[in-house]
J.: 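Pasting in a structure now, in structure tokens, and then I'll have a few things to ask.
All values below come from the heavy atoms of this structure, side chains included, with hydrogens, waters and symmetry mates left out. Throughout, a chain's letter reflects where its sequence line sits, starting with A, and its residues are numbered from 1.
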Amino acid sequence: MTRDTPIDIAKSDVFSRCSDVRFRTVVDEAVVLRQEAAEVLVLNEVGGRILELLDGERSVSDIADAVSAEFEVDESMAATETASFIAELRDAGIVSLPVESSK
Amino acid sequence: MSFRGVVVKTWNENQLFSVLVELTYRCNWDCYFCYNDLSLRGTPLSKEQYVELFEELAHMQVMNLVLSGGEPLAHPDFLELGAKARDLGFVVRIKTNAHALRGRLAERVREEIDPFLVEVSLHGASAQTHDRQTRVAGSFDRLLANLEEAKRLGLRIKINSTLTRWNEAEVRGMFEVADRLELPIQFDPEVSPRDDGDRSPLDISPSSSGLRHLLAVERERAERHQETEREKAVREVARQDSELMAGGGSDQHCGAGSSGLAIDPFGNVYPCVQWRRAIGNLHDRKLGELWRGNPRLDEVRRLSRAAKDTVREAGENGWAMAFCPGAAETHTGSPLEIYDAARRRMELVGESIERESTRALPVLES
Ligand SMILES: C[S@@+](CC[C@H](N)C(=O)[O-])C[C@H]1O[C@@H](n2cnc3c(N)ncnc32)[C@H](O)[C@@H]1O
Ligand code: SF4
């Protein structure tokens with residue numbers, strides 16, 4: 001399934017994980033806990049890797065490039081899928097833009 | 001996949017996921033029934049050794065780090081180690097009597113450690129009972145004041161209580177204390193022997209009628225109270241591995257030694273806080289080395305698989321024993337033998353199930 005690139009995510013955006021988020025890799029999945037909500041999410045391997053890369057230093061396009069290279073995914077597909085996954089993480093309160101650079 | 005599914009996966013794959021660290025056996029209370037073995041001797045782990053251990057655990061993808069004791073807040077490096085745990089991305093839980101959790105220290109715990117949960121012990125619904133058990137005058141009043149303050153600071157708190165002969169008449173009151181503070185409370189229905197096997201804590205084991213009363217109050221509350229989604233989530237994530245046992249999806253009875261470990265202040269490593277069969281010492285080997293290819297751990301895992309048979313063979317209410325191989329070993333010398341407290345629990349739960357089903361039978365009118 002191919003998704004549209006979310007219109008409110010720029011390639012240059014640099015997201016980071018919210019301070020109450022904790023996560024670890026269990027075999028081939030990532031377990032994510034939002035401490036405030038006591039909410040647990042389980043992500044697949046690619047999702048876990050994207051979350052790991054959302055360290056407040058890499059831009060959305062840096063991460064898409066890494067996904068494309070590491071999982072051998074076509075570049076444009078990696079760009080679209082990565083951006084929409086990041087939008088989902090943002091909507092779920094797992095990552096956010098630093099206040100000063102948010103649009 | 002659910003959180004429970006993930007936890008079961010960690011058992012099946014022997015992926016270390018939860019570690020309980022007893023930072024010190026020092027304590028500002030002197031609970032009559034405390035299971036800590038205060039005669040244990042050894043070289044305490046240094047701050048540097050803890051830091052190295054935490055780094056190694058983070059690298060091994062351990063998620064839950066429980067800081068306990070003794071009283072963890074009495075460790076001189078508690079804040080520094082807690083902050084390190086936070087920086088390394090652990091879900092930190094602190095088990096404390098909360099006697100020192102006030103003022104600047106409470107603020108610093110919130111700001112510097114940001115624990116997922118602070119688990120606090122309540123021993124009664126009155127100062128008389130609580131202080132009798134802690135053997136510290138004023139500890140009840142101070143605890144209630146500290147809990148109010150810690151809540152105001154935004155610390156997430158859960159109350160843990162062990163049912164004892166001394167507090168069993170106050171169960172309802174203890175629930176009310178928790179309700180007034182709007183905090184979740186969980187009872188452990190079993191007093192354990194001391195870690196060295198000394199059975200004197202069992203002097204205050206609850207009576208059968210006390211246990212029956214607890215079961216009845218818990219059932220009554222569950223019927224009355226519709227858990228919110230958040231309460232349900234907190235219960236799910238905050239529960240101990242042991243509460244997941246007797247479930248399906250794994251040939252292990254529990255996570256002892258397959259996804260969980262406990263470490264005492266002198267570096268002895270155990271499969272679980274309840275199962276004091278040392279599998280090595282951190283002064284001799286690093287944790288990763290102890291974890292891989294350790295015949296003592298292999299034996300613990302084998303016993304955990306065998307414990308499933310113990311439960312199955314106990315009959316249809318076997319699950320109600322909440323059978324713990326560690327407790328079995330301390331009580332009977334064998335991790336596979338059913339101990340009195342487990343048997344009694346099974347019988348009482350069985351009784352209560354029977355009563356319920358009789359109540360549900362239609363009444364024939366003559
Ligand atoms: C050993 S304490 C350490 C943490 C902290 N000092 C506290 O008391 O909360 C951990 C928990 O074990 C409980 N506990 C202590 N001795 C026990 C025993 N013999 N049987 C059952 N629970 C016990 C305490 O009440 C506490 O909730
Ligand atoms: S407060 Fe905890 S560690 Fe201290 S004596 Fe009581 S049970 Fe033991």
J.: Identify the two heavy atoms, one from A:Arg22 and one from B:Gly89, that lie closest to each other, and give their separation to 0.1 Å.
T.: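 Heavy-atom minimum between the residues: CD-O, 3.5 Å.
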
J.: Considering non-hydrogen atoms only, spot the tightest contact between B:Met63 and A:Phe23 and give its length.
T.: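 So the two residues come closest at CE-CA, 3.9 Å.
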
J.: Which pair of heavy atoms, one from A:Val27 and one from B:Glu13, lies closest together, and at what distance?
T.: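 What the structure gives for the nearest pair is CG2-CG, 3.6 Å.
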
J.: For A:Glu45, I'd like to know if atom CD has over 12 heavy atoms of other residues, nucleotides or ligands within 6.0 Å.
T.: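 Incorrect, the count does not exceed 12.
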
J.: Give a yes or no on whether the backbone of B:Asp114 and the side-chain of A:Gln35 come within a donor-acceptor separation of less than 3.5 Å.
T.: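 Yes, the answer is positive, given that a donor and an acceptor are paired below the 3.5 Å cut-off.
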
J.: Are more than 12 heavy atoms, taken from residues, nucleotides or ligands other than B:Glu55, located less than 6.0 Å from that residue's CD atom?
T.: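 Yes, the 6.0 Å shell around CD holds more than 12 heavy atoms from other groups.
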
J.: Is the shortest side-chain heavy-atom distance between A:Asp28 and B:Lys9 below 4.5 Å?
T.: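 Yes, their side chains come closer than 4.5 Å.
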
J.: Can any side-chain N or O of B:Gln15 pair as donor or acceptor with the backbone N or O of A:Thr25 at less than 3.5 Å?
T.: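 Here the side-chain-to-backbone pair exists.
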
J.: Using 0.5 Å steps for rounding, measure from the CZ atom of B:Phe116 to the CZ atom of A:Arg34.
T.: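 Between atom CZ of B:Phe116 and atom CZ of A:Arg34 there are 12.0 Å.
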
